[in-house]
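Please read all numbers here as calculations on a predicted model, not as lab measurements. Here is the naming used below: chain letters follow the sequence lines, and residue numbers restart at 1 for every chain.
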Amino acid sequence: MSDTTVHEEPELIQLLTPEGELTGHPDYPLEITADEIRDLYRDLVLVRRFDSEAVSLQRQGELGLWASLLGQEAAQIGSGRALRGTDMAFPSYREHGVAWCRGVEPKELLGMFRGVTNGGWDPHEHGFHLYTIVIGSQALHATGYAMGVQRDGAVGEDGTAVITYFGDGATSQGDTNEAFNFASVNNAPVVFFCQNNQWAISEPLERQARVPIYKRASGFGFPGLRVDGNDVLAVLAVTRAALDNAREGNGPTLVEAFTYRMGAHTTNDDPSRYRNAAELEEWKAKDPILRVRRHLENNGLADEGFFASVDAEADALGEKVRTQCRNLPDPGPLDIFHEVYAEPNVHIDRQRAEYAEYLASFEAEGVR
Amino acid sequence: MSDTTVHEEPELIQLLTPEGELTGHPDYPLEITADEIRDLYRDLVLVRRFDSEAVSLQRQGELGLWASLLGQEAAQIGSGRALRGTDMAFPSYREHGVAWCRGVEPKELLGMFRGVTNGGWDPHEHGFHLYTIVIGSQALHATGYAMGVQRDGAVGEDGTAVITYFGDGATSQGDTNEAFNFASVNNAPVVFFCQNNQWAISEPLERQARVPIYKRASGFGFPGLRVDGNDVLAVLAVTRAALDNAREGNGPTLVEAFTYRMGAHTTNDDPSRYRNAAELEEWKAKDPILRVRRHLENNGLADEGFFASVDAEADALGEKVRTQCRNLPDPGPLDIFHEVYAEPNVHIDRQRAEYAEYLASFEAEGVR
Amino acid sequence: MTNLTIGKAINAGLRAAMEHDPKVLVMGEDVGRLGGVFRVTDGLHKDFGADRVIDTPLAESGIVGTAIGMAMRGYRPVVEIQFDGFFFPAANQTFTQLAKMRRRSAGTLSMPVVMRIPYGGGIGAVEHHSESPESYFLHTAGLRVISVANAVDAYWMIQQAIRSEDPVIFLEPKRRYYEKAEVDTEASIAEATPMGAARVARPGTDATLLAYGPMVKTALQAAEADTDHSIEVIDLRSLSPVDYPTIVESVKKTGRLVVAHEATLTGGPGAEIAARITEECFYHLESPVIRVAAFDTPYPQSRLEEYYLPDLDRVLDGVDRAFAY
Amino acid sequence: MTNLTIGKAINAGLRAAMEHDPKVLVMGEDVGRLGGVFRVTDGLHKDFGADRVIDTPLAESGIVGTAIGMAMRGYRPVVEIQFDGFFFPAANQTFTQLAKMRRRSAGTLSMPVVMRIPYGGGIGAVEHHSESPESYFLHTAGLRVISVANAVDAYWMIQQAIRSEDPVIFLEPKRRYYEKAEVDTEASIAEATPMGAARVARPGTDATLLAYGPMVKTALQAAEADTDHSIEVIDLRSLSPVDYPTIVESVKKTGRLVVAHEATLTGGPGAEIAARITEECFYHLESPVIRVAAFDTPYPQSRLEEYYLPDLDRVLDGVDRAFAY
Ligand SMILES: Cc1ncc(C[n+]2csc(CCOP(=O)(O)OP(=O)(O)O)c2C)c(N)n1
Ligand SMILES: Cc1ncc(C[n+]2csc(CCOP(=O)(O)OP(=O)(O)O)c2C)c(N)n1
Ligand SMILES: [Mg+2]
Ligand SMILES: [Mg+2]
């Protein structure tokens, strides 16, 4: 009774084929210079390197956990680069590529995976909220923030748009659907960006939905569309259009970026238990970086020197990631009591004082 | 920013016009005898009388609260009569008409509104679950029950179908949407029956959704449709089709019964604070009972004697409702501890014993 | 001085806060045109408009979740949960997000969100409309939890809660909404008793009777009724944090403590207070801390609530038990 | 006798229950092909099929809500909540529906639903993966709450929980999943210790040290380490209801009680036990009941968990405090 799934396969919005051919799309014209495409290529390569370094750091015991973005670089860089400085993003926990676009430093991003903090960066400084682990929760935060934007009157061509990221699995969660509804009813300037990477840990898409995810939107009264999530140009064009639409007061859009989680769910996971290698091979052919490289090469938009310089930059980034990670300072024990409350709290103050005294007693005894 | 609501008004599925003309519908042919139409008329009149008696009983202090179904009789009788004996219904708190169809006695139904019980009837005996007050919760129970039906293999022409009732407001709740999703993914034999009575207490439909509610279904991958909720024949035909579709293994349907709450939300409510009289007048013209009566009269399918006999039956029912209500026995104080757990529980047993002793101490003193 | 009911005092406090700070918003189900099912937000929609008094979709998680987002954008949302029993759909947003956001962000983000919840029993309602969920809140780090017992506190504490940079659960004793008191609405908020402080509501010497919210009135009646003893009554006011110095001082004087609440006994607020006071006053207590609470059962059908809720007799019985040691 | 880890013992217990009763179902996120993120349901999907081992959509309210419906249809669902911190989206279905259904229906409906939750800290995880939410459950009437500390209990108690007609919250000490013991899987379930009973894990005469779940091991280590005193260790096993006679008997003998848990202090299980034991053993206690618990803060980043969790030193410090009176 679980195989009644009916799969309709809609057209993907695609601008750049896996072979590197720039086809364009009538509804999403994209004026882009060779320089800009090279910049996107650079972003893609760098975040993939960042990610692979983090995986290694986890293996070496420097990180407690890592959720790899491998395969989802285009979805993240395309959407991240569509954002303006004043826009605000509400990520899930895998949006390292978006973080990169928002200027979050490796040391800021790695903190929570190393376990030295539960956050790591200032959301307001970067226009990038903290990672949210409880699936779906951030979709409501984004919607509320967007309702605040409306109340500030920050609507119009120079307005502020909000974007929130979540996965295919997250579309099953009540909060995500409540966010769709609040956003629709309030016509809030928010873009729901779903990275459909085909898996929620071990559960394939069919366990979450029996029709394409982008279709969910119309039932809530706003547009939804599916973009080739491995095509950075299509993602850029589509997300920019959705953000502009929101910013100008026309309400939410659901963007389903059709992509693939090429690695494990996290470093704790073993995908060989639940999916076969053939699927991975199929998706490798659609690699998000390869097609940009092909495009640049085939059209003579970049030479070996360019690719070498990007690789060198990636090496330098790798070095920086390793160093910054290892140099992250450990918090001190009394940090447990830090910022539980904004205002002085007698109860916390007392526990802190008692614990400080307790710790001091060991120092006095010269142990611990 | 809250008036961006775009209202598309879809066609209602209607078989019987407000003027009493039986137009029929190509997709929902209904073979129905005059006898059956008279029976439906009788149901409609009787549940309206039951309801108005309950309102009076509340005013007289015999009930703590009452949620009137006034205006929604056709939606409830039409769908209730579409159910088979082995089907199972999961109501909200206003489905007195469905309860009637499922053979729940007034005394069973009134108990929770009088405050002598929190339930009142045996859900299994009637194929009618207890009223559920926490909005949306029952939609998941129905879906789970339907998944149980699948596991029992009770699928096919003689299969079991499940129906759950909720209001327009309930469609905003996460649980309702999770139920849509679980039902869709599992292809569960459940019909989601939404009585869109235009209001959720004081909030008009626009605060819950900006497109028609039945459209929600397609985004989850199953059919949704809107039926004239004041047309008992259309509701009967549409619900029967949806139930049969479910029973035969074709999965869920969302039925939006477009109707109107003609009374207050509950006896605690004062709708004059938030809605105008003109709206009520408009809907009075679409009264669910009047049109059946007109149909019977215009086509010579019932004479004065029939209508008089139904009215007499209604009077008798009113009498029965009053008597059964007033005769409902009060629970005794130790009933507090009744059926908190199925199995012996030392903790509850001890509290019960202590309280019994406490109460006895007053008796000993001759007070309380 | 204005004679106000608790309900009207909260309404006046909300109005004062909205006038004081344009960032203050009110949101919830039916809080707009209707003014809330208890009319606590009456008139605010008319005077402050639909952008500041928001009738939300029927979804409590959505309400709290969007309030968090608004707080991040610089607003100060006052959320109404229509009844105690309907808090639970919002549990995830409250416990995993609202309560933890400041700590998660190492202080970068504040969550000045107030959650108003009409709570407690005694109004003859159907299921889910009479519960006392305060224990879930006070066990959750990052939240402040307060309850009011009179119109003066109602007026000031709602304003203090709104000015707090921390999330505050504001518990309104619904069966006492119509209790009246003289409120000096012209006074300065700076002079109001801080919202974290307990208050000795009636001085006494033989035993301490501690209550909050709806039970304060019952406690005061019990103290009056017990003509054999001099009972000191403390109105706790803040359940998190608890003002222990005030309680300890009283218990060291009286040697006996009775805690009364409508929440169920096991794991209720009285458990924590008993454990803590026993630690701090071990050599002063002449009897164990006695708890008078609702039984450990679901809130029963309304015809039984007079038996279920700790009433005057049961509070007096608790006091007697304390003196039996 | 089979040498089993706690994780494998639960797996074996689930398998035994599924073989014993075809109505037993397992459902949750990733419980199927993957066998759960901790592999506790490993192999069940293969052997019992997708209809009895259900990979659900990612929605905890949906999981518990549909389990309730299945229970109404005669099934006995064993629900897995992937981690403690992800229980909260299911709070409404658990507290307002699952816990109350039997009482609401005056006994017409039973809810034989087991909710398995890997809980507690110490595994170096990111936020929401290390919490101890047991207090929310034990304060909720209608639920039974148990936790296991060794493989023998794990094997039998999961089966007892599944056979119970009442909803059972089954708390699995995730950092102890790999602790081993000899389990006699051939024995009869009728002879297993009832799931409501506490167990004296180590006899002693000078003080009673009470723990459950992951802290039992720490408590036993502390008892060994304290060579100055004879410490009796009780493994509580059931948090609701609590087996008070066993605790009272011990405390009347030792005169001192220390309760240790990973849940936060305020409103934690220790509060209730302290309040209750103080009432029942008032004249036997030579010191107040001492609680050793997590601090009243959100669970911190993992680099601080060794300080946050009550460890051997802090338990010993608690014991010392008890002897200081
Ligand atoms: C409320 C909640 N339940 C369960 C989890 C555990 N969990 C973490 S990630 C994950 C799967 C998420 O899948 P998806 O939404 O597709 O995002 P992806 O990881 O594929 O990017 C699960 C079940 C969680 N974090 N939050
Ligand atoms: C979770 C929850 N939140 C709030 C309420 C309070 N409440 C009772 S009925 C109602 C409105 C319901 O509207 P709708 O779903 O349209 O059903 P109707 O009453 O119109 O039949 C509200 C808000 C509730 N019962 N449950
Ligand atoms: Mg995914
Ligand atoms: Mg309605």
Open item on the list: Need one label for D/A67: side chain, backbone, both or neither, based on atoms under 4.5 Å from any heavy atom in chain B.
Closed with: neither
Task: B/S137 versus D/Q93, closest heavy-atom pair with distance - done: O-NE2, 3.3 Å
Task: Side-chain touch D/R102/B/H338, heavy atoms, less than 4.5 angstrom - done: no
TODO: Please say whether more than 12 non-hydrogen atoms of neighbouring residues, nucleotides or ligands are located less than 6.0 Å from CD in D/E249.
DONE: no
Task: Per-residue contact mode, B/D335 against chain D (heavy atom under 4.5 angstrom) - done: both
Task: Min side-chain heavy-atom separation B/M147-D/T66 under 4.5 Å - done: yes
Task: B/R151 to D/D51 - nearest heavy-atom pair and separation - done: NE-O, 2.6 Å
TODO: Can you spot which of B/T117, B/I133, B/N118 makes a side chain to side chain contact (heavy atoms under 4.5 Å, CB included) with D/R104?
DONE: B/N118
Task: Heavy-atom proximity to chain D below 4.5 Å, by part of B/T160 - done: side chain
Open item on the list: Please give me the minimum heavy-atom distance between D/M72 and B/P123, naming the atom from each residue.
Closed with: CE-CB, 4.4 Å
Task: Most contacts with chain B, counted as non-hydrogen pairs under 4.5 angstrom, among D/Q97, D/M27, D/M111 - done: D/Q97
- [ ] Look at B/H347, B/H129, B/E125, B/Q138 and state which one has the largest set of heavy-atom pairs under 4.5 Å with chain D.
- [x] B/H129
Open item on the list: Using side-chain heavy atoms (C-beta onward) and a distance below 4.5 Å, is D/R144 in contact with B/E343?
Closed with: yes
Open item on the list: Under a 3.5 Å cutoff, is there a donor and acceptor pairing between the side chains of B/D122 and D/T108?
Closed with: no
Task: Residue D/R33 excluded, over 12 heavy atoms near CZ under 6.0 Å - done: no
Task: B/Y341 OH to D/L143 CG distance, which is reported to the nearest 0.5 Å - done: 6.0 Å
Open item on the list: Is it true that, when you exclude B/N327 itself, more than 12 heavy atoms of the residues, nucleotides or ligands shown sit nearer than 6.0 Å to its CG?
Closed with: yes
Open item on the list: Between the side chains of B/E339 and D/R103, is the shortest nitrogen-to-carboxylate-oxygen separation below 4.0 Å, so that they form an ion pair?
Closed with: no
Task: Contact check, side chains of B/D152 and D/Y75, non-hydrogen atoms, under 4.5 Å - done: yes
Open item on the list: Among B/T132, B/T143, B/L130, which residue has the highest count of heavy-atom pairs closer than 4.5 Å to chain D?
Closed with: B/L130
TODO: Under 4.5 Å, counting heavy-atom pairs only, tell me which of B/A146, B/G148, B/G119 racks up the most with chain D.
DONE: B/G148
Open item on the list: How close do B/H141 and D/G65 get, counting heavy atoms only, and between which atoms?
Closed with: CD2-O, 3.4 Å
TODO: Looking only at non-hydrogen atoms, find the nearest pair between B/N181 and D/P57 and report the distance.
DONE: ND2-CB, 3.7 Å
- [ ] Select, from B/N345, B/N177, B/I348, B/V346, the one with the greatest count of heavy-atom pairs under 4.5 Å involving chain D.
- [x] B/N345
Task: Exercise: identify the closest heavy-atom pair between B/F182 and D/G62 - done: CZ-C, 3.5 Å
Task: Side chain, backbone, both or neither of B/F337 within contact of chain D (heavy atoms, under 4.5 Å) - done: backbone
TODO: Among D/S240, D/S110, D/A106, single out the residue with the greatest number of heavy-atom pairs under 4.5 Å to chain B.
DONE: D/A106
Open item on the list: I want to check something: taking the side chain as every heavy atom from C-beta on, are D/N92 and B/D175 in contact at a cut-off of under 4.5 Å?
Closed with: yes
Task: chain D contact via B/M88 - which portion, at a heavy-atom distance below 4.5 Å - done: side chain
Task: B/V149 portion near chain D, given a 4.5 angstrom heavy-atom threshold - done: both
Task: Under 4.5 Å from any heavy atom of chain B - which part of D/S164 - done: both
Open item on the list: Under 4.5 Å from any heavy atom of chain B, what part of D/I63 do you find: side chain, backbone, both or neither?
Closed with: both
Task: Portion of D/K23 that has a non-hydrogen atom of chain B nearer than 4.5 angstrom - done: side chain
- [ ] Heavy-atom distances under 4.5 Å only: say whether D/S105 touches chain B with side chain, backbone, both or neither.
- [x] both
